[in-house]
Amino acid sequence: MSISQRPPTEQDLEAAARRLGEALRAHDWRLATAESSTGGLIGHAITMVSGSSAYYVGGVISYSDWAKQVQLSVPRELMAEHGAVSAPVAAAMAEGVRDRFGVELGAAVTGIAGPEGATPGKAIGLHFVAAARRGHPPDVEERVFNHDREGNKFAAALLALELALREVRAAGGT
Amino acid sequence: VVRPPTRPELDTAVRRLGTALRKRNWQLASAESCTGGLIGHLLTEQVVSSEHYLGGIVSYSTMLKGELLGVASECFARGSVSSEVAEAMARGALERFAPAHLALAVTCSAGPDPADGDEPVGLTYAAVARRDGRAEIVRRVFPHDRPANKRAAALLCLELACEATVAED
(Lines give C-alpha, C1' and ligand atoms only; values in the text may rest on other atoms or scores of the structure.)
Protein backbone atom coordinates (compact mmCIF):
# COMPACT_ATOMS: atom_id res chain seq x y z
CA MET A 1 0.00 0.00 0.00
CA SER A 2 1.24 3.44 -0.78
CA ILE A 3 -0.03 6.96 -0.40
CA SER A 4 0.72 9.35 -3.22
CA GLN A 5 1.06 13.08 -2.76
CA ARG A 6 -1.22 14.50 -5.43
CA PRO A 7 -3.79 12.89 -7.68
CA PRO A 8 -2.88 12.41 -11.35
CA THR A 9 -4.08 15.00 -13.84
CA GLU A 10 -6.10 14.39 -17.00
CA GLN A 11 -2.80 14.79 -18.91
CA ASP A 12 -1.20 12.02 -16.80
CA LEU A 13 -4.11 9.70 -17.65
CA GLU A 14 -3.97 10.54 -21.33
CA ALA A 15 -0.19 9.96 -21.44
CA ALA A 16 -0.60 6.56 -19.74
CA ALA A 17 -3.44 5.70 -22.13
CA ARG A 18 -1.20 6.61 -25.07
CA ARG A 19 1.66 4.39 -23.81
CA LEU A 20 -0.76 1.51 -23.25
CA GLY A 21 -2.24 2.02 -26.71
CA GLU A 22 1.17 1.85 -28.36
CA ALA A 23 2.01 -1.39 -26.52
CA LEU A 24 -1.35 -2.95 -27.45
CA ARG A 25 -0.86 -1.97 -31.08
CA ALA A 26 2.66 -3.46 -31.09
CA HIS A 27 1.26 -6.78 -29.84
CA ASP A 28 -1.90 -6.58 -31.94
CA TRP A 29 -3.91 -7.03 -28.75
CA ARG A 30 -7.34 -5.68 -27.89
CA LEU A 31 -8.41 -4.43 -24.48
CA ALA A 32 -11.74 -4.35 -22.64
CA THR A 33 -12.42 -2.62 -19.30
CA ALA A 34 -14.63 -3.35 -16.29
CA GLU A 35 -15.09 -0.27 -14.15
CA SER A 36 -16.89 0.06 -10.84
CA SER A 37 -15.68 2.98 -8.75
CA THR A 38 -14.05 4.76 -11.71
CA GLY A 39 -17.43 4.75 -13.48
CA GLY A 40 -16.06 4.93 -17.03
CA LEU A 41 -13.05 7.18 -16.48
CA ILE A 42 -10.57 4.58 -17.81
CA GLY A 43 -12.56 4.18 -21.03
CA HIS A 44 -12.82 7.95 -21.30
CA ALA A 45 -9.03 8.31 -20.94
CA ILE A 46 -8.32 5.58 -23.49
CA THR A 47 -10.73 7.12 -26.01
CA MET A 48 -9.14 10.55 -25.68
CA VAL A 49 -6.44 9.07 -27.91
CA SER A 50 -7.43 9.29 -31.56
CA GLY A 51 -7.30 5.90 -33.26
CA SER A 52 -7.98 4.01 -30.03
CA SER A 53 -10.71 1.99 -31.74
CA ALA A 54 -7.87 -0.10 -33.22
CA TYR A 55 -7.20 -1.68 -29.80
CA TYR A 56 -10.02 -0.69 -27.41
CA VAL A 57 -13.33 -2.49 -27.88
CA GLY A 58 -15.18 -1.03 -24.91
CA GLY A 59 -16.26 -2.35 -21.56
CA VAL A 60 -18.76 -2.64 -18.79
CA ILE A 61 -19.47 0.01 -16.19
CA SER A 62 -20.45 -2.26 -13.32
CA TYR A 63 -21.41 0.40 -10.84
CA SER A 64 -23.97 -1.79 -9.07
CA ASP A 65 -23.60 -5.30 -7.62
CA TRP A 66 -26.33 -6.34 -10.07
CA ALA A 67 -24.15 -5.24 -13.00
CA LYS A 68 -21.10 -7.08 -11.62
CA GLN A 69 -23.06 -10.31 -11.36
CA VAL A 70 -25.16 -10.14 -14.51
CA GLN A 71 -22.94 -8.20 -16.91
CA LEU A 72 -19.56 -9.57 -15.80
CA SER A 73 -20.51 -12.99 -14.40
CA VAL A 74 -18.88 -12.29 -11.03
CA PRO A 75 -20.22 -15.11 -8.83
CA ARG A 76 -22.68 -13.96 -6.17
CA GLU A 77 -20.90 -16.15 -3.58
CA LEU A 78 -17.57 -14.44 -4.32
CA MET A 79 -19.18 -11.04 -3.66
CA ALA A 80 -20.88 -12.32 -0.50
CA GLU A 81 -17.68 -13.85 0.86
CA HIS A 82 -15.17 -11.12 0.04
CA GLY A 83 -17.30 -8.04 -0.64
CA ALA A 84 -17.56 -6.07 -3.88
CA VAL A 85 -14.32 -4.23 -3.05
CA SER A 86 -11.86 -7.11 -2.88
CA ALA A 87 -9.02 -8.72 -4.79
CA PRO A 88 -11.03 -11.79 -5.88
CA VAL A 89 -13.84 -9.61 -7.25
CA ALA A 90 -11.38 -7.33 -9.12
CA ALA A 91 -9.77 -10.43 -10.67
CA ALA A 92 -13.17 -11.90 -11.61
CA MET A 93 -14.21 -8.59 -13.20
CA ALA A 94 -11.06 -8.46 -15.35
CA GLU A 95 -11.48 -12.07 -16.47
CA GLY A 96 -15.23 -11.59 -16.95
CA VAL A 97 -14.88 -8.62 -19.27
CA ARG A 98 -11.97 -10.18 -21.16
CA ASP A 99 -13.96 -13.34 -21.87
CA ARG A 100 -17.28 -11.62 -22.57
CA PHE A 101 -15.69 -9.28 -25.11
CA GLY A 102 -13.42 -12.01 -26.49
CA VAL A 103 -10.23 -9.95 -26.26
CA GLU A 104 -6.64 -10.61 -25.18
CA LEU A 105 -6.61 -8.33 -22.13
CA GLY A 106 -9.14 -7.26 -19.51
CA ALA A 107 -8.57 -4.49 -16.95
CA ALA A 108 -10.76 -3.83 -13.91
CA VAL A 109 -11.17 -1.50 -10.95
CA THR A 110 -13.26 -1.80 -7.81
CA GLY A 111 -12.87 0.58 -4.91
CA ILE A 112 -14.31 3.00 -2.41
CA ALA A 113 -13.85 6.46 -3.92
CA GLY A 114 -15.41 8.18 -0.91
CA PRO A 115 -16.21 10.36 0.89
CA GLU A 116 -18.74 7.76 2.12
CA GLY A 117 -18.90 3.99 1.81
CA ALA A 118 -16.35 2.69 4.30
CA THR A 119 -17.18 -0.72 5.76
CA PRO A 120 -15.56 -2.64 8.63
CA GLY A 121 -12.00 -3.40 7.55
CA LYS A 122 -12.37 -1.40 4.34
CA ALA A 123 -11.33 2.22 4.49
CA ILE A 124 -12.30 5.02 2.15
CA GLY A 125 -9.76 5.11 -0.67
CA LEU A 126 -9.25 1.33 -0.75
CA HIS A 127 -8.97 0.08 -4.34
CA PHE A 128 -8.26 -3.18 -6.11
CA VAL A 129 -7.03 -2.99 -9.68
CA ALA A 130 -6.70 -6.07 -11.88
CA ALA A 131 -5.39 -6.96 -15.32
CA ALA A 132 -6.00 -10.36 -16.89
CA ARG A 133 -4.42 -11.59 -20.09
CA ARG A 134 -5.67 -14.70 -21.77
CA GLY A 135 -4.12 -17.91 -20.47
CA HIS A 136 -2.64 -16.33 -17.35
CA PRO A 137 -3.91 -15.76 -13.83
CA PRO A 138 -4.93 -12.11 -13.26
CA ASP A 139 -2.55 -9.65 -11.69
CA VAL A 140 -4.16 -7.70 -8.83
CA GLU A 141 -2.87 -4.66 -6.92
CA GLU A 142 -4.25 -3.23 -3.71
CA ARG A 143 -3.86 0.47 -2.89
CA VAL A 144 -5.33 3.02 -0.51
CA PHE A 145 -5.57 6.51 -2.03
CA ASN A 146 -6.06 9.56 0.13
CA HIS A 147 -7.46 12.14 -2.30
CA ASP A 148 -10.97 13.45 -2.74
CA ARG A 149 -13.53 11.38 -4.69
CA GLU A 150 -12.38 12.56 -8.10
CA GLY A 151 -8.69 12.30 -7.16
CA ASN A 152 -9.18 8.71 -5.99
CA LYS A 153 -10.92 7.87 -9.27
CA PHE A 154 -8.06 9.40 -11.25
CA ALA A 155 -5.43 7.55 -9.17
CA ALA A 156 -7.23 4.22 -9.58
CA ALA A 157 -7.66 4.78 -13.33
CA LEU A 158 -3.95 5.58 -13.73
CA LEU A 159 -2.96 2.46 -11.78
CA ALA A 160 -5.22 0.33 -14.00
CA LEU A 161 -3.67 1.77 -17.16
CA GLU A 162 -0.17 1.12 -15.78
CA LEU A 163 -1.00 -2.41 -14.63
CA ALA A 164 -2.48 -3.20 -18.06
CA LEU A 165 0.71 -1.90 -19.68
CA ARG A 166 2.83 -4.13 -17.43
CA GLU A 167 0.67 -7.07 -18.43
CA VAL A 168 1.23 -6.39 -22.14
CA ARG A 169 4.98 -6.05 -21.58
CA ALA A 170 5.04 -9.25 -19.49
CA ALA A 171 3.87 -11.07 -22.59
CA GLY A 172 7.31 -10.34 -24.02
CA GLY A 173 8.13 -9.70 -27.62
CA THR A 174 8.08 -6.05 -28.63
CA VAL B 1 -23.44 25.76 -30.15
CA VAL B 2 -20.35 27.91 -30.33
CA ARG B 3 -18.38 26.90 -27.25
CA PRO B 4 -18.08 23.46 -25.68
CA PRO B 5 -19.71 22.82 -22.28
CA THR B 6 -17.69 23.59 -19.20
CA ARG B 7 -17.20 21.15 -16.33
CA PRO B 8 -19.63 23.10 -14.08
CA GLU B 9 -22.29 22.87 -16.81
CA LEU B 10 -21.77 19.11 -17.03
CA ASP B 11 -21.91 18.76 -13.24
CA THR B 12 -25.15 20.76 -13.13
CA ALA B 13 -26.71 18.49 -15.77
CA VAL B 14 -25.61 15.43 -13.76
CA ARG B 15 -27.14 16.83 -10.57
CA ARG B 16 -30.43 17.69 -12.29
CA LEU B 17 -30.68 14.22 -13.83
CA GLY B 18 -29.86 12.54 -10.51
CA THR B 19 -32.49 14.54 -8.67
CA ALA B 20 -35.12 13.80 -11.32
CA LEU B 21 -34.33 10.06 -11.27
CA ARG B 22 -34.48 9.81 -7.48
CA LYS B 23 -37.76 11.75 -7.43
CA ARG B 24 -39.30 9.03 -9.63
CA ASN B 25 -37.35 6.28 -7.90
CA TRP B 26 -35.91 5.37 -11.30
CA GLN B 27 -32.65 3.58 -12.13
CA LEU B 28 -30.54 4.50 -15.15
CA ALA B 29 -28.33 2.47 -17.49
CA SER B 30 -25.98 3.85 -20.14
CA ALA B 31 -24.66 2.79 -23.53
CA GLU B 32 -21.73 4.90 -24.68
CA SER B 33 -19.84 4.75 -27.90
CA CYS B 34 -17.74 7.81 -28.77
CA THR B 35 -17.82 9.23 -25.25
CA GLY B 36 -16.03 6.05 -24.12
CA GLY B 37 -17.25 6.17 -20.51
CA LEU B 38 -17.24 9.93 -19.92
CA ILE B 39 -20.96 9.98 -19.11
CA GLY B 40 -20.55 7.19 -16.55
CA HIS B 41 -17.57 9.00 -15.06
CA LEU B 42 -19.55 12.23 -14.73
CA LEU B 43 -22.60 10.44 -13.28
CA THR B 44 -20.46 8.71 -10.65
CA GLU B 45 -18.84 11.94 -9.48
CA GLN B 46 -21.96 12.30 -7.34
CA VAL B 47 -21.83 10.27 -4.14
CA VAL B 48 -25.58 9.55 -4.32
CA SER B 49 -25.27 8.14 -7.85
CA SER B 50 -25.26 4.56 -6.54
CA GLU B 51 -28.96 5.11 -5.73
CA HIS B 52 -29.95 5.79 -9.34
CA TYR B 53 -27.15 4.57 -11.65
CA LEU B 54 -26.76 0.84 -12.35
CA GLY B 55 -23.90 1.12 -14.82
CA GLY B 56 -23.66 0.53 -18.52
CA ILE B 57 -21.90 -0.72 -21.59
CA VAL B 58 -19.12 1.06 -23.41
CA SER B 59 -19.51 -0.25 -26.96
CA TYR B 60 -16.58 1.42 -28.61
CA SER B 61 -16.25 -1.10 -31.43
CA THR B 62 -19.02 -1.50 -34.00
CA MET B 63 -19.05 -5.26 -33.54
CA LEU B 64 -19.88 -4.91 -29.86
CA LYS B 65 -22.87 -2.68 -30.55
CA GLY B 66 -24.33 -5.73 -32.27
CA GLU B 67 -23.18 -8.45 -29.90
CA LEU B 68 -23.50 -6.68 -26.55
CA LEU B 69 -26.38 -4.31 -27.14
CA GLY B 70 -28.33 -6.28 -29.71
CA VAL B 71 -28.16 -3.59 -32.38
CA ALA B 72 -29.44 -5.36 -35.52
CA SER B 73 -27.16 -5.37 -38.54
CA GLU B 74 -29.78 -3.49 -40.63
CA CYS B 75 -29.32 -0.56 -38.26
CA PHE B 76 -25.79 -0.09 -39.58
CA ALA B 77 -27.03 0.56 -43.13
CA ARG B 78 -26.13 4.23 -42.67
CA GLY B 79 -22.96 3.54 -40.64
CA SER B 80 -22.52 3.32 -36.87
CA VAL B 81 -23.37 6.99 -36.33
CA SER B 82 -27.07 7.18 -37.08
CA SER B 83 -30.41 7.66 -35.35
CA GLU B 84 -31.23 3.97 -35.88
CA VAL B 85 -28.07 2.84 -34.08
CA ALA B 86 -28.51 5.36 -31.23
CA GLU B 87 -32.11 4.24 -30.62
CA ALA B 88 -31.18 0.54 -30.81
CA MET B 89 -28.32 1.11 -28.34
CA ALA B 90 -30.69 2.76 -25.85
CA ARG B 91 -33.34 0.05 -26.24
CA GLY B 92 -30.64 -2.64 -26.04
CA ALA B 93 -29.19 -1.21 -22.85
CA LEU B 94 -32.66 -0.99 -21.28
CA GLU B 95 -33.35 -4.61 -22.16
CA ARG B 96 -29.99 -5.83 -20.82
CA PHE B 97 -30.11 -3.81 -17.60
CA ALA B 98 -33.33 -5.33 -16.35
CA PRO B 99 -33.73 -3.22 -13.18
CA ALA B 100 -33.41 0.05 -15.16
CA HIS B 101 -36.35 2.33 -15.96
CA LEU B 102 -34.41 4.51 -18.39
CA ALA B 103 -31.41 4.03 -20.65
CA LEU B 104 -29.36 6.66 -22.43
CA ALA B 105 -27.13 6.13 -25.45
CA VAL B 106 -24.77 8.15 -27.58
CA THR B 107 -22.94 7.51 -30.82
CA CYS B 108 -20.89 10.12 -32.60
CA SER B 109 -17.90 10.88 -34.73
CA ALA B 110 -15.69 12.74 -32.25
CA GLY B 111 -12.86 13.38 -34.69
CA PRO B 112 -10.34 14.25 -35.83
CA ASP B 113 -10.76 11.37 -38.27
CA PRO B 114 -14.25 10.45 -39.54
CA ALA B 115 -15.71 7.33 -37.85
CA ASP B 116 -16.79 5.27 -40.85
CA GLY B 117 -15.49 7.38 -43.65
CA ASP B 118 -18.43 9.45 -44.77
CA GLU B 119 -19.92 10.91 -41.59
CA PRO B 120 -18.96 14.49 -40.83
CA VAL B 121 -16.74 14.92 -37.75
CA GLY B 122 -18.87 16.12 -34.87
CA LEU B 123 -22.05 14.31 -36.00
CA THR B 124 -23.77 13.09 -32.83
CA TYR B 125 -26.91 11.11 -32.07
CA ALA B 126 -28.14 10.86 -28.49
CA ALA B 127 -31.06 8.62 -27.56
CA VAL B 128 -33.08 7.63 -24.51
CA ALA B 129 -35.47 4.73 -24.05
CA ARG B 130 -38.07 4.39 -21.28
CA ARG B 131 -39.59 1.27 -19.84
CA ASP B 132 -43.01 2.30 -21.22
CA GLY B 133 -41.59 1.93 -24.74
CA ARG B 134 -41.07 5.60 -25.49
CA ALA B 135 -37.81 6.70 -27.05
CA GLU B 136 -36.37 10.06 -28.10
CA ILE B 137 -33.48 10.65 -30.44
CA VAL B 138 -31.72 13.93 -31.18
CA ARG B 139 -29.12 14.82 -33.78
CA ARG B 140 -26.43 17.50 -33.54
CA VAL B 141 -23.22 18.40 -35.32
CA PHE B 142 -20.62 19.79 -32.93
CA PRO B 143 -17.77 21.92 -34.28
CA HIS B 144 -15.15 21.31 -31.57
CA ASP B 145 -12.01 19.21 -31.17
CA ARG B 146 -12.17 15.61 -29.96
CA PRO B 147 -12.26 16.23 -26.16
CA ALA B 148 -14.81 19.02 -26.50
CA ASN B 149 -17.00 17.03 -28.91
CA LYS B 150 -17.09 14.24 -26.31
CA ARG B 151 -18.12 16.72 -23.60
CA ALA B 152 -20.80 18.26 -25.84
CA ALA B 153 -22.15 14.79 -26.68
CA ALA B 154 -22.21 13.89 -22.97
CA LEU B 155 -24.14 17.05 -22.08
CA LEU B 156 -26.67 16.50 -24.87
CA CYS B 157 -27.28 12.97 -23.61
CA LEU B 158 -27.58 13.98 -19.94
CA GLU B 159 -30.11 16.70 -20.80
CA LEU B 160 -32.14 14.35 -22.97
CA ALA B 161 -32.22 11.79 -20.16
CA CYS B 162 -33.39 14.46 -17.72
CA GLU B 163 -36.22 15.52 -20.07
CA ALA B 164 -37.29 11.88 -20.49
CA THR B 165 -37.32 11.40 -16.72
CA VAL B 166 -39.49 14.41 -15.93
CA ALA B 167 -41.84 13.86 -18.92
CA GLU B 168 -45.36 12.75 -18.01
CA ASP B 169 -46.37 9.14 -18.50
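Bear in mind that the values here come from a model prediction, so they are computed numbers and not experimental data. The chains referred to below are lettered A, B, ... by the order of the sequence lines, with proteins before strands, and numbering in each begins at 1.
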Inset, instruction - Take A:I61 and B:I57 through the side-chain contact (heavy atoms from CB on, under 4.5 Å) test and state the conclusion after the steps. - result: CA-CA 6 Å; A:I61 301 171; B:I57 300 283; over 6 Å; no
When clusters are formed by joining ILVMFWY residues with side-chain heavy atoms under 4.5 Å apart, either directly or through shared neighbours, do [X] and [Y] land in the same one?
| X | Y | answer |
| --- | --- | --- |
| B:L69 | B:L94 | no |
| A:I112 | B:V47 | no |
| B:V141 | B:I137 | yes |
| A:L105 | A:L165 | yes |
| A:M48 | A:L20 | no |

Is the [atom1] atom of [X] crowded by more than 12 outside heavy atoms at less than 6.0 Å?
| X | atom1 | result |
| --- | --- | --- |
| A:R76 | CZ | no |
| A:D28 | CG | no |
| B:R22 | CZ | yes |
| B:E136 | CD | no |
| A:E10 | CD | no |
| B:N25 | CG | no |

As an exercise: rank [options] by heavy-atom pairs under 4.5 Å with chain B and give me the winner.
| options | value |
| --- | --- |
| A:Q71, A:E116, A:R100, A:R30 | A:Q71 |
| A:S50, A:G43, A:A45 | A:S50 |
| A:G59, A:S64, A:A67 | A:G59 |
| A:S52, A:G51, A:A157, A:S36 | A:S52 |

Legend entry - Steps toward side chain to side chain donor-acceptor pair (under 3.5 Å) verdict (B:S49, A:Y63): CA-CA 9 Å; B:S49 56; A:Y63 200 56; 2.9 Å; yes
For [X], is it the side chain, the backbone, both, or neither that has a heavy atom closer than 4.5 Å to a heavy atom of chain A?
| X | answer |
| --- | --- |
| B:S59 | backbone |
| B:L43 | neither |
| B:E51 | neither |
| B:A98 | both |

Inset, instruction - Flag the pair B:E67 / A:F101 as yes when at least one side-chain heavy-atom distance between them is below 4.5 Å, and no otherwise. - result: no
Legend entry - B:E32 and A:H44, any side-chain heavy atoms less than 4.5 Å apart: no
Legend entry - For chain A, the option from B:G56, B:G40, B:S61 that forms the most heavy-atom pairs under 4.5 Å: B:G56
Legend entry - Worked check of side-chain contact (heavy atoms from CB on, under 4.5 Å) between B:H41 and A:E35: CA-CA 10 Å; B:H41 165 56; A:E35 304 191 53; over 6 Å; no
Inset, instruction - Please report the shortest heavy-atom distance between A:V49 and B:R146, naming the atom on each side. - result: O-NH2, 3.5 Å
Legend entry - Smallest separation among heavy atoms of B:L64 and A:G58, with atom names: CD1-N, 4.3 Å
Legend entry - Interatomic spacing from CG in A:L41 to CD in B:E45 - rounded to 0.5 Å: 8.0 Å
Legend entry - Proximal component of A:Y55, with respect to chain B [non-hydrogen, under 4.5 Å]: neither
